[in-house]
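Accompanying notes for the structure given below.
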Amino acid sequence: QVQLVESGGGTVQDGDSLRLSCAASVNKANFYVMAWFRQTQGQEREGVAVLQPGSGATLYADSVRGRFTISHDNVKNTLFLQMDDLKSEDTAVYYCAVRDAYLHYHQWREASKYEYWGQGAQVTVSS
């Protein structure tokens with residue numbers, strides 16, 4: 001069983017930066033893809049950034065590309081999401097997620113395809 005523990009959420013102002021962390025209980029080398037999703041009340045979970053550890057390939061939602069960066073620390077088994085130039089529309093609960101099995105690139109941002117989830121971290125951006 002994989003456990004994911006998130007940290008780093010909080011309240012910031014427009015234009016500020018924040019970094020989320022997601023510590024995995026097992027080595028990320030076993031994961032096919034690792035991702036960050038976000039969700040606001042009444043909305044579906046949106047995939048914002050995905051990393052394939054084996055190749056280093058990444059995928060970003062259009063709304064965050066150029067502002068958010070997904071990365072990992074292999075030694076600490078930790079996934080990160082660096083969020084810069086935050087906007088009020090980035091306000092959401094952010095979740096990390098991982099999947100062991102192969103997943104086609106075109107499905108990397110689909111929440112239903114991920115097996116393991118963190119508990120969520122609230123990010124609030126005030127204008």
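There is no side-chain donor-acceptor pair under 3.5 Å between T91 and E89. There is no side-chain donor-acceptor pair under 3.5 Å between Q43 and T40.
Taken to the nearest 0.5 Å, the OG1 atom of T78 stands 12.5 Å off from the CG atom of L20.
A 4.5 Å side-chain heavy-atom check between E115 and V98 finds every atom pair outside the cut-off. Using a 4.5 Å cut-off on side-chain heavy atoms (C-beta onward), Y60 and V48 make no contact. Proximity of V123 to V125: side-chain heavy atoms (C-beta onward) are separated by under 4.5 Å at one or more points. Two residues are said to be in side-chain contact when any heavy atoms from C-beta on lie closer than 4.5 Å; F80 and T69 fail this criterion. Counting heavy atoms from C-beta on, the side chains of Q13 and S127 never come closer than 4.5 Å. Between R109 and V50, the closest side-chain pair of non-hydrogen atoms falls below 4.5 Å. At least one side-chain heavy atom of Y32 sits less than 4.5 Å from a side-chain heavy atom of Q52. At a threshold of 4.5 Å between non-hydrogen side-chain atoms, the residues L51 and L79 count as touching.
A cation-pi contact, defined as under 6.0 Å to the ring centre and within 45° of the axis, links R45 to W117.
Aromatic ring centroids of Y95 and F37 lie 6.0 Å or more apart.
Using cut-offs of 30° and 60° on the angle between ring planes, the pair F68 and Y94 is tilted. Between H104 and H106, the two ring planes are parallel [angle under 30°; tilted spans 30° to 60°].
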### Task
Would you please test R38 and E46 for salt bridge (Lys or Arg N to Asp or Glu O under 4.0 Å) and show each step?
CA-CA 5 Å; R38 68 185 180 187; E46 174 194 22; 2.9 Å; yes
### Message
Between K87 and D90, is the salt bridge (Lys or Arg N to Asp or Glu O under 4.0 Å) condition met? List the steps.
### Response
CA-CA 5 Å; K87 307 176 188 298; D90 295 319; over 6 Å; no
